[in-house]
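For reference, the structure is listed below as structure tokens.
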Amino acid sequence: MQFTSESVEALVEQFTKLPTIGRKTAQRLAAYVLKMPREEVVEIAKALVAVKDRVKYCSVCFNVTDHDPCSICTSSKRDSSIVCVVEEPNDVLALERTNEYRGVYHVLGGVISPLDGVGPDDLRIRELIARTQAAPASDQINEPGTAYQPTAPVKEFILAMNPNVEGDTTAYYIGQLLKPFNVQVTRIARGLPIGGDLEYADEATLSRALEGRINL
Ligand SMILES: [Zn+2]
């Protein structure tokens with residue numbers, strides 16, 4: 001089916017560029033936009049342009065932010081001696097939703113994946129290693145006009161990449177790189193989902209759960 005309006009057809013074309021949006025969904029969205037009040041459509045258009053014009057990467061943790069450094073890196077309530085290393089900004093959102101974590105982050109921008117042509121140099125790994133040396137000079141902290149300095153040297157890196165081959169490879173690689181530094185490196189514990197049943201867990205999950213067992 002094609003719309004008889006070239007403008008609507010052009011909008012459908014644009015929507016299909018987005019992930020998970022097929023042609024049918026794109027047509028449904030375009031039909032919905034047609035019925036929306038003009039002001040609401042303008043708000044959507046403005047928000048789309050704003051993410052491209054205003055959003056940048058935090059120069060400390062490489063999360064997306066409007067202000068550099070980001071609000072997590074500059075928060076006095078966060079412990080900058082603990083750095084959780086994640087793949088993408090969405091992982092920060094997921095961890096923040098738990099309301100448990102009080103440290104800061106480092107966003108790699110992906111994982112090592114030779115099949116997709118992604119190597120260590122394509123990720124923020126060099127910048128991660130640099131954070132081990134970021135011991136602050138106390139008189140520089142938070143002085144106006146000076147570059148941002150973390151308030152504490154890093155004591156622990158928590159590697160929180162996804163539990164798959166690429167995530168594990170990346171975690172191993174980073175773990176090896178961090179070995180010469182006097183810093184603790186941990187990998188998030190993985191195992192059975194809370195409320196899950198041992199008998200329904202797949203072997204990989206179960207063996208992981210065994211490997212990751214802790215002393216009681
Ligand atoms: Zn940041």
Side-chain angles (χ1 to χ4, degrees), residues 19 46-113 118-163 166-190:
K46 273 194 200 160
L48 284 171
V49 177
V51 291
K52 291 313 288 180
D53 289 352
R54 281 215 287 275
V55 177
K56 39 190 171 271
Y57 290 101
C58 172
S59 57
V60 181
C61 71
F62 301 96
N63 195 4
V64 287
T65 179
D66 283 0
H67 308 282
D68 181 26
C70 74
S71 56
I72 294 178
C73 286
T74 50
S75 168
S76 57
K77 296 196 182 87
R78 311 293 297 226
D79 180 356
S80 62
S81 72
I82 303 172
V83 178
C84 184
V85 186
V86 296
E87 295 177 19
E88 302 286 355
N90 278 350
D91 300 326
V92 174
L93 287 182
L95 284 156
E96 286 298 291
R97 269 200 299 270
T98 66
N99 262 324
E100 294 277 327
Y101 183 62
R102 282 284 150 260
V104 294
Y105 294 96
H106 188 91
V107 182
L108 291 172
V111 273
I112 298 170
S113 175
V118 183
D121 289 343
D122 301 309
L123 310 170
R124 311 275 192 197
I125 291 179
R126 214 173 301 126
E127 292 85 346
L128 172 72
I129 304 302
R131 292 182 79 165
T132 58
Q133 285 114 336
S138 54
D139 56 342
Q140 276 186 332
I141 295 171
N142 296 335
E143 261 197 34
T146 56
Y148 168 76
Q149 293 279 327
T151 49
V154 178
K155 283 200 286 248
E156 181 181 359
F157 285 104
I158 303 169
L159 305 182
M161 277 66 85
N162 287 321
E166 290 83 12
D168 286 341
T169 306
T170 309
Y172 178 77
Y173 181 83
I174 291 174
Q176 292 299 108
L177 282 181
L178 287 171
K179 256 196 179 149
F181 299 95
N182 185 25
V183 64
Q184 192 182 359
V185 182
T186 56
R187 181 90 163 98
I188 48 165
R190 279 159 300 163

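Model, not experiment: these values are computed from the prediction. Start at 1 and go down the list; that is how both ligands and their atoms are numbered.
Between the side chain of Thr170 and the main chain of Glu166, a donor-acceptor pair closer than 3.5 Å is present. With hydrogens and angles disregarded, a donor-acceptor distance shorter than 3.5 Å links the side chain of His106 to the backbone of Arg124. A donor-acceptor contact shorter than 3.5 Å is absent between the side chain of Arg102 and the backbone of Arg78.
Between Asp79 and Lys155, none of the side-chain N atoms (NZ, or NE/NH1/NH2) sits under 4.0 Å from a carboxylate O, so this pair counts as no salt bridge.
Taking distances strictly below 2.8 Å, the protein N/O/S atoms close to the Zn ion (ligand 1) are Cys58 SG, Cys61 SG, Cys70 SG, Cys73 SG.
The salt bridge (Lys or Arg N to Asp or Glu O under 4.0 Å) test applied to Arg126 returns Asp121, not counting sequence neighbours.
If you run side chain to side chain contact (heavy atoms under 4.5 Å, CB included) between Tyr101 and each of Val92, Ile72, Ile82, only Ile82 comes through.
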